[in-house]
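The next block holds one structure in the form of structure tokens; read it before the comments.
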Amino acid sequence: MRKVIFVVHGMRKGQLNQTLTQFVAQLFEAEQMDYETAFLESETASLPTVIEDQVNQGATELLLVPLLLFSASHYYEDIVDSLEDWRRMYPQTVFHLAQPLGTHPKMKNWVAAQIASDLDDTVQDTAVVVIAHGSARFSEPDVALENIANELSTASRPCYPCMVYGKLNYEKVLTELAQKWPKLLIIPYFFYDGYLVQRTKQRIGALNLPCDITFTTAINFHPVLKEVIVQRLETCGGDTTCILSS
């Protein structure tokens with residue numbers, strides 16, 4: 001028996017995990033996918049607990065799909081570092097681990113669509129800024145977001161990366177850009193417009209930057225995520241026909 005486990009960050013308390021579970025369900029409401037949702041932060045549905053439950057129910061193959069945008073502490077320390085332990089604990093079960101979602105080419109296309117919905121190619125007074133969570137200890141998110149920004153930049157409409165955490169500090173980046181550009185279009189590269197996005201918007205407002213700022217929406221579990229997830233599943237575990245059907 002093959003089973004997909006979506007791995008979400010989550011929270012130990014509150015309603016966030018229930019909301020995230022609903023978001024995942026909405027992505028696949030048109031298909032029948034055999035999956036469970038596990039959380040890195042949860043008192044009842046932690047990843048180790050969900051894995052144990054699935055093995056006890058007879059799962060012989062588990063496909064772990066991290067609903068994370070980049071490889072950083074949660075990917076390496078909460079999942080990768082534990083993978084060999086789970087393989088030793090459950091030798092009867094084969095484990096596959098998918099890559100995070102944010103580096104998939106289709107996600108760059110989502111950013112491009114966000115830009116196109118607010119700007120056209122003739123705009124010359126606006127810079128685009130893509131802001132993500134970031135990491136103080138891992139460079140992979142910075143490199144990945146820099147690649148996305150570089151690929152989407154044009155001569156008249158440059159695209160800049162910045163992070164809430166890490167070396168691409170958004171306060172520093174935005175303060176410098178505000179001296180050069182009269183307008184900034186900021187794209188939150190987050191799964192949904194949740195607490196961190198709202199707090200970051202408030203802090204950007206408090207900077208009182210000398211330019212006009214427009215925010216797009218976050219990803220908000222856009223249908224493109226389903227396409228990315230299916231392709232990640234195909235890459236990490238092969239044929240998906242036995243776990244996904246219309």
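Starting from 1, each residue takes its place in the sequence as its number.
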### Query
Centroid-to-centroid, Tyr195 to Phe190, below 6.0 Å?
no
### Message
Before we go on, tell me: are the rings of His133 and Tyr165 under 6.0 Å apart, centre to centre?
### Response
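Yes, the ring centres sit under 6.0 Å apart.
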Taking the side chain as every heavy atom from C-beta outward, state whether [X] and [Y] have any atom pair closer than 4.5 Å.
X	Y	answer
Thr19	Phe23	yes
Leu40	Val7	yes
Cys159	Val130	yes
Leu20	Phe191	no
Val197	Phe215	no
Val129	Leu185	no
Asn17	Thr44	no

Looking at [X] and [Y], would you say the former's side chain and the latter's main chain have a donor-acceptor pair under 3.5 Å?
X	Y	result
Ser46	Ser42	no
Tyr189	Gly102	yes
Asp193	Ala218	yes
His96	Cys236	yes
Asn169	Glu171	yes

### Query
Which of parallel (below 30°), tilted (30 to 60°) and perpendicular (above 60°) describes Phe6 and Phe28?
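Parallel, since the angle between the ring planes stays under 30°.
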### Message
Ring-plane angle category for Phe221 and Tyr192, please: parallel below 30°, perpendicular beyond 60°, tilted otherwise.
### Response
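Tilted.
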Show the nearest heavy-atom pair for residues [X] and [Y], with the distance to one decimal.
X	Y	answer
Leu145	Cys162	CD2-O, 3.5 Å
Met163	Pro141	CE-O, 3.2 Å
Leu152	Ile115	CD1-CD1, 4.3 Å
Thr126	Arg157	O-CG, 3.9 Å

Side-chain donor-acceptor contact under 3.5 Å, [X] with [Y]:
X	Y	answer
Gln231	His104	yes
Thr216	Gln114	yes
Glu140	Tyr75	no

From [X] [atom1] over to [Y] [atom2], what is the distance, rounded to the nearest 0.5 angstrom?
X	Y	atom1	atom2	value
Leu174	Ile186	CG	CD1	5.0 Å
Ser139	Glu146	OG	CD	9.5 Å
Leu83	Leu62	CG	CG	10.5 Å
Ile213	Trp181	CD1	CH2	14.5 Å
Lys3	Thr60	NZ	OG1	11.5 Å
Asn208	Thr175	CG	OG1	10.5 Å

### Query
Charged N to carboxylate O below 4.0 Å: is that the case for Lys172 and Glu176?
yes
### Message
How about NZ on Lys201, more than 12 heavy atoms from neighbouring residues, nucleotides or ligands closer than 6.0 Å, or not?
### Response
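For Lys201, atom NZ is crowded (more than 12 foreign heavy atoms under 6.0 Å).
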### Task
Determine, stepwise, if the pair Tyr35 / Ile5 fulfils side-chain contact (heavy atoms from CB on, under 4.5 Å).
CA-CA 6 Å; Tyr35 75 88; Ile5 298 180; over 6 Å; no
### Message
Test salt bridge (charged side-chain N to carboxylate O under 4.0 Å, His left out) on Arg232 and Glu227; report intermediate values, then the result.
### Response
CA-CA 9 Å; Arg232 289 298 198 220; Glu227 301 174 29; over 6 Å; no
